[in-house]
Every structure is written in C-alpha cells, then in structure tokens.
Amino acid sequence: MKDNNIKGNNEINKDICMKVNIAGIEFKNPVTTASGTFGSGMEYSDYVDLSRLGAVTTKGVSITAWYGNPTPRIAETYGGMLNAIGLQNPGVDVFIQRDLPFLKTYDTKIIVNVVGKTAKEYCQVVDRLSDCDVDMLEINISCPNVKEGGIAFGQDPKRVEEITSLVKSHSRKPIIIKLSPNVTDIATIAKAAEAGGADAISLINTLTGMKIDIERRTFLLANKIGGLSGPAIKPIAVRMVYQAANAVKIPIIGMGGIMEACDALEFIMAGATMVAVGTANFINPRATEEVIEGIEDYMVRNNIKDVNDLIACVR
Amino acid sequence: MKDNNIKGNNEINKDICMKVNIAGIEFKNPVTTASGTFGSGMEYSDYVDLSRLGAVTTKGVSITAWYGNPTPRIAETYGGMLNAIGLQNPGVDVFIQRDLPFLKTYDTKIIVNVVGKTAKEYCQVVDRLSDCDVDMLEINISCPNVKEGGIAFGQDPKRVEEITSLVKSHSRKPIIIKLSPNVTDIATIAKAAEAGGADAISLINTLTGMKIDIERRTFLLANKIGGLSGPAIKPIAVRMVYQAANAVKIPIIGMGGIMEACDALEFIMAGATMVAVGTANFINPRATEEVIEGIEDYMVRNNIKDVNDLIACVR
Amino acid sequence: MSVAIKKSIKVLQNIRIEEGVYDLRLEAGDMAMDASPGQFISLYCDDGGRLLPRPISICEIDKETGNIRLVYRVVGNGTREFAGLKQGELIDCIGPLGKGFTLEGKKALIIGGGIGIPPLLELAKQLKCEKSIVLGFRDVTFLDKDFESYGKVYISTEDGSVGTKGNVIDAIKANNLEADIIYACGPTPMLKGVKEYAGSNNIRAQLSLEERMACGIGACLACVCKSTEVDHHTNVNNKRICKEGPVFYADDIVL
Amino acid sequence: MSVAIKKSIKVLQNIRIEEGVYDLRLEAGDMAMDASPGQFISLYCDDGGRLLPRPISICEIDKETGNIRLVYRVVGNGTREFAGLKQGELIDCIGPLGKGFTLEGKKALIIGGGIGIPPLLELAKQLKCEKSIVLGFRDVTFLDKDFESYGKVYISTEDGSVGTKGNVIDAIKANNLEADIIYACGPTPMLKGVKEYAGSNNIRAQLSLEERMACGIGACLACVCKSTEVDHHTNVNNKRICKEGPVFYADDIVL
Ligand SMILES: Cc1cc2nc3c(=O)[nH]c(=O)nc-3n(C[C@H](O)[C@H](O)[C@H](O)COP(=O)(O)OP(=O)(O)OC[C@H]3O[C@@H](n4cnc5c(N)ncnc54)[C@H](O)[C@@H]3O)c2cc1C
Ligand SMILES: Cc1cc2nc3c(=O)[nH]c(=O)nc-3n(C[C@H](O)[C@H](O)[C@H](O)COP(=O)(O)OP(=O)(O)OC[C@H]3O[C@@H](n4cnc5c(N)ncnc54)[C@H](O)[C@@H]3O)c2cc1C
Ligand SMILES: Cc1cc2nc3c(=O)[nH]c(=O)nc-3n(C[C@H](O)[C@H](O)[C@H](O)COP(=O)(O)O)c2cc1C
Ligand SMILES: Cc1cc2nc3c(=O)[nH]c(=O)nc-3n(C[C@H](O)[C@H](O)[C@H](O)COP(=O)(O)O)c2cc1C
Ligand code: FES
Ligand code: FES
C-alpha cells in the first residue's frame, strides 16, 4: 500500500523525479531529518506533513533508557550551536512500543539511529530492531557527548571497520554508519566503513567545540565540551562529503548546516544521495518541507528531470 | 629604547598589567595579528597604531617568491570565509629588505610566519631570519592551501616532532609551531611539537572546507578546497586551545574567529597566553586595537590587575 | 493544548520601562487567542549570527485585540537586538509554547522575583480567588503598579529601599501571608526558597522554571529539569521545561 | 592617494531604476571628498551571517554636498539586503578604495557593459576631452540618459531592441568610432574584446576589473589578477585589484 503511493502529487505535477535509492530502498525524495533534531517525528508533525519526507531519522536509541547529561545542554554560537544532550532516550523497547507505531501511520521511510556504550549494546539494539518494521539503521559511532561508546568508535579506521562488520552481521536491515568529522582523514574512515560492509555512510556528526562564559568564568555547557552544528559548519561538511564520495562507492547521506534548499543542493552536487536537515528544524520547524520544495523548484528552473542527475555532478 | 617604552599610557592610567611573556620575550599586551590577514602590517597602519599591538605576525614568508593559487581565492560562508590564497609572497629577501625595516619603525614585537615546500626550505628561511632583528618565528606546518609542505607536515605527530626539532636546531630565535585543526587529536600533535622543542604553539590554522556554486555547478574556489576562518569556527578553536593547554606546558597563542574582546577572553581563559586576530581585520580594520581596549575594559570592570591571572582560569 | 505557530508578527510598541527592562506589545492574533498565563513565546533574532529563538514569558494577553505583552530584560546580544525594535517592524515568533499555570485554590500567594515577575501578571488577572502578591526586587521596582488592581501587593527589596528588606520569603513572613496555593516565578535560588517554604507549610506550589532551549517544542531535549517521577517522554527522571513545563508542581521536580 | 575610512553613513535614497538594479545615494562626507572616478566603496551587510564587505564602484560624486551615488544589481543575498535599505538608515562602508581612472587623451572612447556602466558616469563627467560613449546591454537599457550630457551615446543590445544589435565592439565598428584612449568596464568577455580591439588598433586602454575581495585594502591577496610585469608588492606576476586596480592599463594585465 505504502510503496504504491510513493509518487506524491507534487512530483507528478512538476514532472520531475525526486526518488533516490539506497541499498535497494526507495525514498520518495532525498530529504530526511538529522538524528536528534526531530525527536521521533511526533513534535514536528504539527508543522510538517511527515509523509512528505523521504525518511524520518529518529533520535539515537539505546538498549535501555539513558539519562543524558546535566544542564545546560546547549549553547548558542556564531551561526551555530553546541549541544551536549548526551543521548537521553527511553530505550529501544519504548521506541518500539510507542514511537514506531506513531511513525508507521505516515507514508515515509524510517531510519533508526542506534547508540551504545559497548559493541555489544549496539548489537543488542540492532537485534531488537531487525525484527521491526523499520527501513534502515543508522549506527551512530560519532556522538561526541557520551563518555563511553559514540565517538570513541568513530575516530580510528580499524575500530570503524570492526564495529561495522560486527553490527552488519547482526542486522537484517541495511545499515548506515554515521561518521565523525573530528578526524584527520575522512576518506580513510569512510573506506573503513565500506570495508566493514556498511550499506551507506552518513556525515557529518557534530564537530567538538567549547564555549566559555567570560562573565561567570566557567564553561557554558555542564559537559564542558559539546558538538557544533548549524550553518557555521557547512563548508567543512560539504568538503567531507566530497572527499568521502571520492573514496567510496556506497551511497552517502550528507548533513551539517543545511538551512535551505541551496545548502542541500551543495551536498548533493558534492556527492550525497540523500541529505538530512538538523539544527534548521529549531529555527524553522518547516525547514524539511521547504528544502524539498526548494530542490523541486531548482530542478524545474534548471530543467533537470531527475534528482539523481545532480548527485556528484561537481567533480 | 624600545623596551623601556613598553608601558603604554593606557596601561599606566588604568593601573592594570597587560604584559605577557613567551620564551623570555615580553609583549606589551597579549594581542597579535593572525598570519596572512594583516599583510606585513603596512596596509593596516592607516587604521591601527601598530605600536599598540603586542606583536605583528606577518604573512607566510618562503625562501623564494611564491605565486599563490589561481582566483577565485576566497568565498564567503555563513559567519566565516574560505581562503585558498596559496601563500603568495615575495620571498624572504624582499621581506628582509622592505617589510622588516618598515615594521622596525614601530614599537612592537615581530613574529615572522615561515613556510616551505620541504623541510629544507623551512630551514633556509629560518637560517636567513635568525640573523635579523625579528623576535620570534612561527612555523606554519598547517597551511591547507598548498600542494607541498604546509598541512602535510602538521597532521602526523611524528612528522610534527621531526620538523620541529629540525627547525629548532637551525633557529637562533624562539619558535612557535602553528598547528592544524584538521586532526583527530590536537593534544597529541601539541605534545609532539613540545617534544620537538617548540617554544610555543599557535592554533588554530584554518579548517578545510568547500563551497559549491549551485547555479554554475562548479567549485567556488579555483583550488576547490580552502581554509575556513572567522567566527563560525571559534567554538572549535577554543576547544582545541583548551585541550592543548591541558596537554603541554609551553605557552599557546590562540586564534580562530576572534571578532571582539569577549572572544579573545574566551581563548585566554581556555589557556592561551596570547591571541591573534585574523579574519576580523577584514570586517573591521581596527579590530586588533579594539580587542586590546576591550580586554582592558573587562579587567577594569572586573577588578583584575594582571592579564596573566586570566590565563587558563577556566578549568 | 493549542498548537504553537511560527510567524512574523507586528510590533505595536516597545518601550523601556526601567533601566534595561522593556515592554513589548505584539499584534499576535491567533497566538493570543490560544495563549494562557505562564506560557511563553520564543522570539527570533534578525541577525543571522544568532540562530536560536529567545523564550520570553507572556505577561499579558488581550484576547479581544489579539495583542500580547512581553516584558524582558536586556542581558545579552539577542535581547539587546529586541530593545531596538520599533513600532511597525516585524519579528519572527513561535508560540504560545509550554504548559502554563493551572488556576486553582481559594487563597493564593503569587510570588515573583525580578524578571520572573512579568508572567505572573496575566495569572493575577485571570485568577479569581483571594490573592496576595509578593514581588521581590534587588532595588528599583517595576510592574508592581500593574498588579495593584488584582490583589494586595507586598514588596521586598534587597537593599530595603522599598517594602520589606530581604527576599520574598522575608516579605511573606513579615506580613503573615497565608495561602492554600502558591504560584511562583523567579531566579532558581528564590524558587528553592519557595519550594522549601511551601513544603514546610504544606502548601501546594506551582513553579515556573527556566533553561536554555533550542527547539522550544519538546524535540531536542535541551531544556530538561530533574523530575521526581520518570517522565512519560523518555522514561527517565527528566522533564522538558518547554513542553511539560515551564510550570511544574514543586513536588514533581528537583531544584 | 587618499586614505580609505570605515564608517557608518546615511542612506539618502535607494530606488529601483530597472528590474533588479538600484540607485543608492549616500551621505558620504569625507569619503566623497577623497573619491575619484573608477574607485569603489565596500558596503557591509547588517546580517551577521554575511561578513565580507561588498565592493561597489562609485557612479557619481558630489564634492559640494559630500554625497555619493552607487548603482548596483541584485545578484545575491548581500545586494538583496541592500535593496531593502530605506532612506535615513545607516550602512557601514569603507572607502574610497583602489586606484581609479587616469584622466588623459584627446579623443576618448568610454565603453561600458551591463553593470560595468555605472563607474563610467563620473568619469564621463570629469573627462574634459572629446568623447564617445558606448554602452552595451542584454536587452533593457539603464543609466544611458544620464550619460547624454557628457558625450554622444551609442548603444548596443544583444537582441537588437535598442541601437546596434550585438556587442559594444559591433557598435564601435558600426559607428566608425575613433579614439586615442579607451576607458572600459564590464564583464570579462567584453574586456577581453576591448583589449584585443585596442591592441590591434594601437589605442591605449584603461580597463576596470573585478575579483572576489576580502580586505579591500591590499592585505589579504584575495583579489589578484595576472600582470605582465612582476608586481612591486609580492614580486610575482600578480597585481591586487583592490589596491593597484581596479583600473589597469590593458597592456599591464593578462585577461
Ligand atoms: C520559559 C522561559 C521564559 C522566560 N521569560 C522571560 C521573560 O519574560 N523576560 C525576560 O526578560 N527573560 C525571560 N527569559 C529569559 C530569556 O529567555 C533570556 O534572558 C534570553 O534568552 C537571553 O537572550 P540574549 O540573547 O539576550 O542573551 P545571550 O546570553 O546572548 O543568549 C545566548 C543564548 O542563551 C540563551 N539564554 C541566555 N540566558 C537565558 C536564560 N536565562 N534562559 C533561557 N535561555 C537563556 C539565549 O536564548 C540564547 O540562546 C525566559 C526564559 C525561559 C526559558
Ligand atoms: C571593484 C568592484 C566594483 C564593483 N562595482 C559594482 C557596481 O558598481 N555595481 C554592481 O552591481 N556590482 C559591482 N561589483 C560587483 C559586486 O561587488 C557584487 O555583485 C556583489 O559583491 C555581490 O554580492 P551579493 O552578496 O549580492 O552576492 P553573493 O554571491 O551572495 O556574494 C557572496 C560573496 O561573493 C562576492 N561576490 C559575488 N559576486 C562578485 C563579483 N561580481 N565581484 C566581486 N565579488 C563578488 C561578494 O562580495 C560576497 O563576498 C563590483 C565588484 C568589484 C570587485
Ligand atoms: C540537539 C542535537 C541532538 C543530536 N542528537 C544526535 C543523535 O542522537 N544521534 C546522532 O547520530 N546525531 C545527533 N546529532 C547530530 C545531528 O544529527 C547532525 O549530524 C548534526 O547536527 C549536523 O547537522 P546540522 O548542522 O544540520 O544540525 C544531534 C544534533 C543536535 C544539534
Ligand atoms: C586570507 C587568509 C590568509 C592566511 N594566510 C596565512 C598564512 O600565510 N600563514 C598562516 O600560518 N596562516 C594563515 N592564515 C590563517 C590565519 O592566520 C588564522 O590561523 C586563521 O584564519 C584563523 O583565525 P581567524 O578566524 O581569526 O581568521 C590565513 C587566513 C586567511 C583568512
Ligand atoms: S527546547 Fe528542545 S526540548 Fe525543550
Ligand atoms: S581584497 Fe585583500 S588584497 Fe585585495
């Protein structure tokens, strides 16, 4: 039922094809949400028709409930923000019982972001989700805000390959490995994920940063260090997507500072098959839909029939 | 004559001490210019009294004249800019004959930024400058915009240590190693510079980034990739200065996105003994002087007598 | 609860009512229709360097005209930008956000401290029971006159220049004020004092909290406070101030 | 040369004179006093997301009032922001910048293409010799009337709707225009054509170039063009458009 319905009205009217394909899954358009910036979709469903999105990517899900970090958890920075939420989430069981049924009422694909403190925990979550009606799993080995797991897995090519093949061996769903930008050479890391058997990679997660409150002479974040996101980081993200696209054959989901369609198009032209909208949701709750509409407008204006023709078109 | 004159009027009036010391050199205040954003001081001398600055740090100087990269060499980004100048400069001889005598007419310290395509070239420049009346040398092993040399030296701890000790063995001036932020672990790199015998480190150089012109479907920079600077990168820079300050004992010159005194104070509190103002000069030619005045005002307002009391005060 | 909307709305007036404190009237339309006391609106900056919206509590609601009044203090670059807003200009807003006060009780004590005072004005207006209003300031007072039509106003100042010298609890004690319900908004130390006072006097208390926010609608989990019970949203002891709050029963949260 | 200054200056007028083309008059004071034809002013955006100043050539200078006229086309976010400037508002500017035209020759050809036309107006005004003015447009013309008091104006349009069909060189040939000096500003393909034409006809030519700029004052080396001789500044074959230019002798540069 759902799949027959993939062509939305807009696409038919404008006579353009927005469909993209990753690991055999067809997405009605190349726009998803960046994990952690869209909850499980519920909160934004008042503003956005979730069925318009290529996919909803959920907040990180762990095997048990996680408390997250103490507050303040965020700080504004010039053209961006720092966050150190610390992956607070109710755990995979609540996700499956409550959030998944909600998401299934919409005609969109579901990508679940998976987190763990140990390799075993990643696998446990992946095992649980492999039996559920979700489309892909995004393995977050790049969260800078937790003491164990997260980024520690994502900065060393050997560990990236190991965790990827381990998770892959557990998963009956295609897996996306989410990479950390806090590395010397993103191409090596991307290749490691590919070698481990990843079906796709997504990047970038946040860049680690810090803000100091000079009046109180303390750190602004309780966690001292947080992850930088927003338009400030876009040039770094586009560069990394470009470098990764030159290094691997698997598809890329690009993100980092996408505010409008023109930003999303930079990522696609640099080599991303899909893009994710993150921090922009906080500034404009309708950002995801507006990005989709803007890409369509660009294609109509430039007489481009298929969005796939734009992928990696700048070389 | 010069040294006797170090206490400017402002400092006496405000009854605060702005002097800092790096490798036995005393700077009248902790503010210098970021290499490459201030020419050799000449162009900005119409706007700023160079004698007010703690030091002038010059554009990168190589052994022979360098042409730099093709244009476009810069692109604006959200809250920042990309540059791929490619270290165009007239070479060390012209620097010594023309720029140095000009700088010597001011009562400020002189830090010369040194670049080379090979280890040998770095040493040649260092040899030439060791006989000149300059105060310190900043060894740029982190320029992302040249094919040879530059960043290639700055991303691997082993090579950082090697080039540092090689240059140090040639130099009769104290040396600062300028680090690249495009690394997984800045602490390791900082330690390598310290182990190699660096008298100080400076960071951050620019982060590599890219911008795509979606209308013309090409790269905005002729060089494709450039270095990101400006307020957008400040949280990353402050974090790295903090991490480096925790890793090494040698002094740190902090930079990256300083627009105003409040930004400079973040770096100082994170552990920088001096700070450099870069991209801000392009937006406000008087930025350096205003940063100095702003730090003084902060100290007066908060009843802080000695700027050294602020260094690394947030832990 | 009503659905918050994001839109550009017109500034009707923006005047300084005290050193660094401004009174902003907005032509909020639907937003005003849906708003209730204790809710807030988030205002966006015009300067692209500052992306996150600034949450400001609703001070007064005029459902007939659709106008909303906000009172804010200039503390940083965002509020400094707002201070420059001129009549007729547009400002992007999202709201009304959060869960406001629950109107209840027979004898209410309304307690505000500093810039926590504005959200209590609409509450004082809508609350129909017997009420005493206690307002705490450092030195100069503001907005206290606006409260006078809704109940007896008691003032405390740190320097004793007006009313009781000390804090709001000192003023309550000095005036022997009694209540079966407390409504409070103000700095955390004050809220701690109120929670303790309410606890030891066995009075139900509703407290309005503050935390740094990004989304303002419950999605990002930036703005949590510690809760005594596990929250329904993430199954841990964290409640979202922007969604389950900003107003909580004192017993439900840990300060 | 005069020293450029950075300051906030008042907008006297900002009107649309053609689809996407605006006429901005500024109360420039000292800046106007020091300015000469061919120089430019860099305008700063108000939005903190856009940091770099936008270089715009000076179209007219009124040394008596200290007013300056700029004519610009909306091509991106910065110029779009400028289009919204209202009378009485302030805008941060730095200028006058660069080296303008050298007034010389007995019989001048002034050649402008598209948005390269504005800087030639003040030149046409100040140049006292015999002069022909050739203006090239895609289709609709603008500013051509302003030139008429300073010389005979010839127009070329790509679609032939006004004047000669084709480009400025076509118009020069069609009208048998002669000169001992050429002044030109316009898109690079046009400047290439002019350089070639001047070369093969043995006419001295001054060309005004464009490049992306950061500092605007010669410090950052963003804005270089290839020069035939080594430049005095960095001893390579690169000249700074913001400092040694934007106006160069055709023979001195490689296009
Ligand atoms: C629910 C709620 C209601 C509020 N109601 C009012 C009110 O009625 N009147 C009033 O004057 N203030 C109120 N505040 C505080 C107000 O939001 C901050 O003073 C304001 O955001 C500061 O912005 P700034 O840009 O001037 O400061 P900056 O320090 O420059 O802001 C930087 C970032 O920190 C955030 N921030 C700074 N201080 C606070 C704070 N105290 N609380 C939350 N975020 C903060 C800003 O929103 C911004 O994202 C309220 C806060 C909350 C959470
Ligand atoms: C010496 C000089 C004189 C000029 N005179 C005029 C004039 O009189 N009238 C006029 O309409 N335009 C003129 N231009 C071009 C004008 O500077 C650009 O159109 C303008 O900067 C575009 O800004 P934007 O924000 O709208 O575009 P964006 O594309 O959003 O700008 C992004 C960045 O690129 C730069 N940029 C974009 N296009 C150009 C360009 N063509 N040249 C230089 N930088 C550019 C911007 O300054 C900014 O830093 C001149 C350029 C130079 C170098
Ligand atoms: C508040 C917040 C929470 C986030 N939580 C997660 C998360 O749970 N899992 C994850 O993989 N990435 C998380 N991220 C990273 C984003 O998914 C995204 O990679 C990053 O923010 C860059 O994109 P942006 O600039 O568009 O926000 C989070 C980002 C933010 C701002
Ligand atoms: C146009 C430009 C040219 C630069 N040239 C040099 C250089 O020659 N040598 C060097 O070490 N760093 C160079 N840098 C890097 C700066 O010195 C500084 O490290 C960086 O810009 C971050 O600081 P900022 O954000 O304050 O500009 C250059 C930066 C810019 C923007
Ligand atoms: S601000 Fe995002 S959950 Fe409250
Ligand atoms: S713009 Fe900096 S040198 Fe010309």
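All figures in this text were calculated on a predicted structure; none of them were measured in a lab.
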Closest contact, heavy atoms only, C:L52 versus A:E76: N-OE2, 2.8 Å
Atom pair CG (C:D92) and CD1 (A:I283), whose distance is rounded to the nearest 0.5 Å: 11.5 Å
Atom group of A:M259 that falls short of 4.5 Å from chain C, counting heavy atoms: side chain
Exceeds 12 heavy-atom contacts within 6.0 angstrom, atom CZ of A:R217: yes
Over 12 foreign heavy atoms within 6.0 Å of CD, A:E215: yes
Which portion of A:Y78 sits near chain C, non-hydrogen atoms under 4.5 angstrom: both
Part of A:Y47 lying under 4.5 Å from any heavy atom of chain C: side chain
Point-to-point distance, once rounded to the nearest 0.5 Å, from CD of A:E43 to CZ of C:R240: 5.0 Å
Options A:T279, A:D99, A:D46, A:T37, ranked by heavy-atom pairs under 4.5 Å with chain C, top entry: A:D46
Portion of A:R98 that has a non-hydrogen atom of chain C nearer than 4.5 angstrom: side chain
Region of A:N281 in contact with chain C, defined by heavy-atom distances below 4.5 Å: neither
Gap between atom CG of C:L221 and atom CG of A:N83 - 0.5 Å precision: 10.0 Å
Between C:G49, C:G216, C:S42, C:C223, the one whose heavy-atom pairs under 4.5 Å with chain A are most numerous: C:G49
Portion of C:N77 that has a non-hydrogen atom of chain A nearer than 4.5 angstrom: neither
Minimum heavy-atom distance between C:Y44 and A:F282, given as atom pair plus value: OH-O, 3.1 Å
Close side-chain approach of C:C220 and A:I74, heavy atoms under 4.5 Å: no
Portion of A:T77 that has a non-hydrogen atom of chain C nearer than 4.5 angstrom: backbone
Evaluation steps, side chain to side chain donor-acceptor pair (under 3.5 Å), between C:N238 and A:Y67: CA-CA 7 Å; C:N238 278 342; A:Y67 277 74; over 6 Å; no
Min side-chain heavy-atom separation C:C215-A:Y44 under 4.5 Å: yes
Contacting region of A:N284 [heavy-atom separation from chain C under 4.5 Å]: both
Side chain / backbone / both / neither for A:L221 at chain C, heavy atoms under 4.5 Å: neither
Flag if over 12 foreign heavy atoms under 6.0 Å of NZ, A:K120: no
Intermediate values then yes/no, side chain to side chain contact (heavy atoms under 4.5 Å, CB included), A:W66 and C:V236: CA-CA 7 Å; A:W66 282 10; C:V236 291; over 6 Å; no
Pairwise side-chain contact, A:P72 with C:E211, heavy-atom cut-off 4.5 Å (strictly under): yes
Under 3.5 Å donor-acceptor, A:Q88 side chain and C:T234 backbone: no
Nearest-0.5 Å distance, NE2 of residue C:H233 to CE of residue A:M42: 8.0 Å
